[in-house]
Amino acid sequence: MSDKKRLKYSQENMEKALRDIREKKMSINQAAKSYDIPKTTILDRLKDKYKNPGNIGGQTVLTSSEEMYLVKWILELGEVGFPITKTQLLDSVTKLIKSLGRPNPFKDDQPGKKWYNGFLARHPEVSKRVPQSLTTCRAIVSENSIRSWFSKIRQYIVDNKLIELLQDPKRIFNCDESGFYLSPQEKQVLVRKGSKKVSNRTVNDEKECLTVLLTVAADGAIPPPLIMFPYKRYVPSYITANMPKGWGMGHSDSGWMTSETFYEYITNVFHPWLKEKGIQMPVVLFLDGHSSHININLSEYCKEHEIILIAFYPNATHRLQPLDVGVFYPLKKWLAQ
């Protein structure tokens with residue numbers, strides 16, 4: 001990007017300059033000199049020549065306040081362990097435009113590379129990082145890093161005046177998900193000695209699986225779980241008719257969790273259960289920082305209903321995630337016997 005296109009002033013100063021001019025505290029010339037902004041740029045903004053202040057490379061789709069809303073969302077989630085991916089950001093822009101009731105000008109309703117690069121250029125406080133491989137991350141998990149994570153989360157809770165949460169196990173929750181293959185590896189069978197090949201008919205494809213999402217409170221209470229089935233359009237009626245009352249149910253092509261389904265679980269199962277049981281709000285929900293859990297709609301819903309989402313230390317759930325260590329791992333070990 002050339003220096004000509006790079007801003008020499010901050011967005012904050014631009015907003016202050018416009019406010020002072022509109023409130024007749026300063027003239028245009030005074031504001032330009034005081035905030036070190038070109039007079040022509042201020043005039044363009046006053047005439048609404050640009051939708052969004054601080055354009056780099058042309059007019060943008062979202063306003064300054066709308067983009068700052070996304071920036072705040074990214075930074076806030078980063079503080080509690082949910083780094084936002086490029087895909088999550090672009091999906092969130094699509095959802096934001098839809099919620100605002102405005103026409104979507106993007107091809108296939110989603111921003112492309114040009115918008116993404118422009119967004120990062122307009123907001124240098126947001127930076128890209130290349131995540132390490134899972135194997136590398138798990139190899140460098142140390143006692144010091146885990147203790148540091150605990151200290152960081154505790155400080156976050158203290159800073160937000162939520163320390164009483166840590167003293168009430170009814171308000172501390174953990175959720176985790178795990179896949180269960182519908183045709184697991186077959187157990188041993190008995191045949192004539194010397195038989196070379198043994199086959200056994202299976203009903204389902206070995207790659208088909210369903211996902212179980214389980215939530216547990218620190219006091220042992222268990223809200224209804226969520227079961228994800230591997231169906232493209234809908235779950236067959238013979239399955240839905242036999243599901244326990246109150247349980248969540250969803251479907252995807254693979255049977256794995258999606259951010260939309262997790263949002264439905266929180267809004268239609270978990271939060272209503274909290275209300276039914278009279279759980280004091282706010283509550284904290286610890287979970288993996290996986291992209292299948294988070295979207296902007298979920299963040300806003302949880303903020304509005306006082307559900308605080310906190311991610312475990314990345315790639316250390318094999319040590320920190322209570323449900324992974326204490327429930328799913330021993331269950332799968334028993335099933336494999």
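Position 1 is the first residue of the sequence, and the numbers go up from there.
At a threshold of 4.5 Å between non-hydrogen side-chain atoms, the residues Ile84 and Ser92 do not count as touching. Between Phe82 and Ile310, the closest side-chain pair of non-hydrogen atoms is not below 4.5 Å. Side-chain contact check for Ile308 versus Ile157: every heavy-atom pair is 4.5 Å or farther apart. Side-chain contact between Ile294 and Leu309: present, with at least one pair of heavy atoms (C-beta onward) separated by less than 4.5 Å. A 4.5 Å side-chain heavy-atom check between Val284 and Ile172 finds at least one atom pair inside the cut-off. Contact check for Val158 versus Tyr156: no side-chain heavy atoms found under the 4.5 Å cut-off. For the pair Val269 and Leu226, the minimum side-chain heavy-atom distance is 4.5 Å or more. With a 4.5 Å cut-off on side-chain heavy atoms, Leu213 and Asp176 do not count as touching.
Defined by atom type and a distance below 3.5 Å, a donor-acceptor pair is missing between the side-chain atoms of Asp168 and Gln280. For the residue pair Thr258 and Thr261, a side-chain donor N or O sits within less than 3.5 Å of a side-chain acceptor on the partner. A donor atom on one side chain and an acceptor atom on the other are found under 3.5 Å apart for Gln88 and Thr85. Side chains of Ser299 and Trp73: a donor-acceptor N/O pair is present below 3.5 angstrom, by distance only.
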Original post:
Going through the checks in order, is the side chain to side chain contact (heavy atoms under 4.5 Å, CB included) test met by Ser148 and Asn144?
Top reply: CA-CA 6 Å; Ser148 175; Asn144 287 338; over 6 Å; no
Original post:
Is there a side chain to side chain contact (heavy atoms under 4.5 Å, CB included) between Met14 and Ile37 once you walk through the steps?
Top reply: CA-CA 7 Å; Met14 171 60 84; Ile37 302 173; 3.8 Å; yes
Subject >> Derivation and outcome, side chain to side chain contact (heavy atoms under 4.5 Å, CB included), residues Leu120 and Trp115 >> reply: CA-CA 9 Å; Leu120 294 179; Trp115 182 91; over 6 Å; no
Original post:
Between Thr63 and Ser65, is a side-chain hydrogen bond (donor to acceptor under 3.5 Å, both in side chains) present by the stated rule, with each step listed?
Top reply: CA-CA 6 Å; Thr63 66; Ser65 61; 3.2 Å; yes
Original post:
Can you check side chain to side chain contact (heavy atoms under 4.5 Å, CB included) on Met249 and Phe229, steps first, answer last?
Top reply: CA-CA 8 Å; Met249 184 169 52; Phe229 294 94; 3.6 Å; yes
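For Asp253, the CG atom is densely surrounded, since the number of other residues' heavy atoms within 6.0 Å is greater than 12.
Salt-bridge check for Glu260 with Lys95: passed, with a basic side-chain N closer than 4.0 Å to an acidic carboxylate O. Salt-bridge formation is detected for the pair Glu76/Lys303: a Lys NZ or Arg NE/NH1/NH2 atom is positioned less than 4.0 Å from an Asp or Glu carboxylate oxygen. Taking a cutoff of 4.0 Å between a charged side-chain nitrogen and a carboxylate oxygen, Arg102 and Glu66 qualify as a salt bridge.
Residues Pro322 and Phe312 share a closest heavy-atom pair of CD-CZ, 3.6 Å. Minimum interatomic distance between Val235 and Gly250 (heavy atoms only, all atoms of both residues): CG2-O, 4.0 Å. Heavy atoms only, all atoms of each residue included: Ala121 and Pro124 are closest at O-CD, 3.9 Å. Heavy-atom minimum distance, Pro105 versus Val61: CG-CG2, 3.7 Å. Here the shortest heavy-atom pairing between Lys332 and Gly179 reads NZ-O, 2.8 Å. Of all the heavy atoms in Thr94 and Pro111, the pair that sits closest is OG1-CD, 3.9 Å.
Criterion: ILVMFWY side-chain heavy atoms under 4.5 Å apart, direct or through other members. Under it, Ile153 and Ile163 are part of a common hydrophobic cluster. The cluster map of Ile, Leu, Val, Met, Phe, Trp and Tyr, joined by side-chain heavy atoms under 4.5 Å apart, puts Met68 and Leu100 in the same cluster. By the rule that hydrophobic residues join a cluster once side-chain heavy atoms approach within less than 4.5 Å of another member, Ile222 and Val327 end up as members of one cluster. No single ILVMFWY cluster, assembled from side-chain heavy atoms under 4.5 Å apart, contains both Val325 and Phe180.
Between the CD1 atom in Ile146 and the OH atom in Tyr313 there is a gap of 7.5 Å [rounded to 0.5 Å]. Put simply, CG on Asn297 and OH on Tyr263 are 5.5 Å apart, with the number rounded to the nearest 0.5 Å. Taking NZ from Lys98 and CG from Asn104, the interatomic distance works out to 10.5 Å, rounded to the nearest 0.5 Å. Considering CE of Met281 and CZ of Arg171, their distance stands at 8.5 Å, rounded to 0.5 Å. Interatomic distance, Trp273 CH2 to Ile279 CD1, rounded to the nearest 0.5 Å: 5.0 Å. With rounding to the nearest 0.5 Å, the separation of OG in Ser259 from CD1 in Ile296 is 12.0 Å.
Within the structure, the side-chain hydrogen bond (donor to acceptor under 3.5 Å, both in side chains) test picks out no pair touching residues 222-248 (sequence neighbours left out).
Panel note: side chain Asn174, backbone Phe286; a donor-acceptor pair is recorded below 3.5 Å. Side chain of Gln30 to main chain of Ser27: a donor-acceptor pair is present (N/O by atom type, distance under 3.5 Å, no hydrogens or angles). In this structure, Asp108 contributes its side chain and Gln110 its backbone to no donor-acceptor pair below 3.5 Å. Checked by atom type and distance alone, the side chain of Ser178 never pairs as donor or acceptor with a backbone atom of Phe328 at under 3.5 Å. Between the His271 side chain and the Thr267 main chain, no donor and acceptor come within less than 3.5 Å of each other. Looking only at distances, a side-chain donor or acceptor of Ser151 sits under 3.5 Å from a matching main-chain atom of Arg147.
A cation-pi contact, defined as under 6.0 Å to the ring centre and within 45° of the axis, links Lys86 to Tyr116.
His251 pairs by the ring pair (Phe, Tyr, Trp, His ring centres under 6.0 Å) definition with nothing, not counting sequence neighbours.
Using a 30° and 60° split on the angle between ring planes, Phe270 and Tyr265 fall in the parallel class, below 30°.
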